[in-house]
Amino acid sequence: MRPTGRLHLGNYVGALENWVHLQDDYENYHLVADWHTLTTDYEHTRQIPGNILEMVTDWIAAGIDPEKSPIFVQSSVKAHAELYLLLNMIVAKGRLERNPTLKDQVRDLELEDAVTAGHLTYPVLQAADIMMYKGEVVPVGEDQLPHIEVTRELARRFNNLYAPDAPVFPEPEGLLTRFPRLQGLDGRRMSKSLGNTILLADSPDEISAKLRKAVTDPQKVRKNDPGRPDVCLVFGYHQKFNEAETAEIRSGCESGALGCVDCKRRCAERIVEHLTPIHERRRDLEAHPARVIEVIAEGNRRANEVAALTMSEVHAAMGFGV
Ligand code: SF4
């Protein structure tokens, strides 16, 4: 995950919560992708260290157990840069130009001629991030599946070229998140840059105030008007945080018995309930910031150990270091 500072509910539902569950069944590696922020925002680097600390604090508060699953920073494991360089040598430029996510970003950010080499090749850096730890499974949203495909192709190509008899890299599979998307308070994708988020660290009052302003079904103007839950983002929040009452909320909304004010209040209560243990852990971490720094230092140490082993296999396969 790129270090963008405090996380929002969309980050939590789309990724973080899933990682917490997965750490019971898998050996997880949690990468703070700080170099990746430079692909589109290379001018602003000063805020990255602070953003890393805020994000990792949210990760731990949400339940990532750093003893089980190392948390580490990409730029502290320099081997990522070396593997990225080597993989860039074996990928065709045209393959990267066909990346649908890149095409979307070029259009949305109006980049046209301003796409940097780093931006074009970021799926290669992602491939290095995954392959370094011989990742077999990568938890992703559906929109990230094309990137996993690039990683699979690169792993296959490396193995075919340099290690046909004893493959170095597995071809990873994407593991789709069960509850992939949470809309922002205005109905668009939840994103900090769109200013439509509920932050994981927001207080109960902030959560209630933000939800009061959330857009709902435009056809439900008065309290007793029948509504359409399926076009209302608040109903999406109920489905996530208030599963037990969704049937009742649906019928109340559709019949007009339930007004939006009450519906949003109940939704805010459930979200606050869900986040309370996370807030408690966050407060504790904020009182002891050195703990977060120690977690990262230990994660960096463990990641560097694994990376050194992988790179020695890479060097041997390619015939370097004679
Ligand atoms: S009652 Fe609830 S689900 Fe229905 S439109 Fe209002 S906020 Fe949305």
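Start at 1 and go down the list; that is how both ligands and their atoms are numbered. Computed from heavy atoms alone, side chains included, the values below leave out hydrogens, waters and symmetry copies. Along the sequence shown, the residues carry numbers beginning at 1.
Ion pairing of E206 with K210 is absent here, as no side-chain N (NZ or NE/NH1/NH2) approaches a carboxylate O to less than 4.0 Å. In this structure, E54 pairs ionically with R282, as a charged nitrogen and a carboxylate oxygen lie closer than 4.0 Å. Salt bridge K68/D24: present, at least one basic N to carboxylate O contact under 4.0 Å.
Annotation for ligand 1: atoms under 4.0 Å from non-hydrogen atoms of C232 are 3 (S), 5 (S), 7 (S), 8 (Fe).
At the shortest separation from atom 1 (S) of ligand 1 among protein heavy atoms lies K220 CE, 3.5 Å. Looking at atom 7 (S) of ligand 1, its nearest protein heavy atom turns out to be T216 CG2, 3.5 Å.
Considering A257, G256, C253 only, the shortest heavy-atom separation from atom 4 (Fe) of ligand 1 involves C253.
In this structure, H30 has its ring center no closer than 6.0 Å to that of Y133.
Among the atoms of C263, no N, O or S atom falls under 2.8 Å of atom 8 (Fe) of ligand 1.
Contacts with ligand 1 closer than 4.0 Å are made by heavy atoms of both the backbone and the side chain of C260.
Inspection of the T121 and Y84 side chains reveals an N or O donor paired with an N or O acceptor under 3.5 Å.
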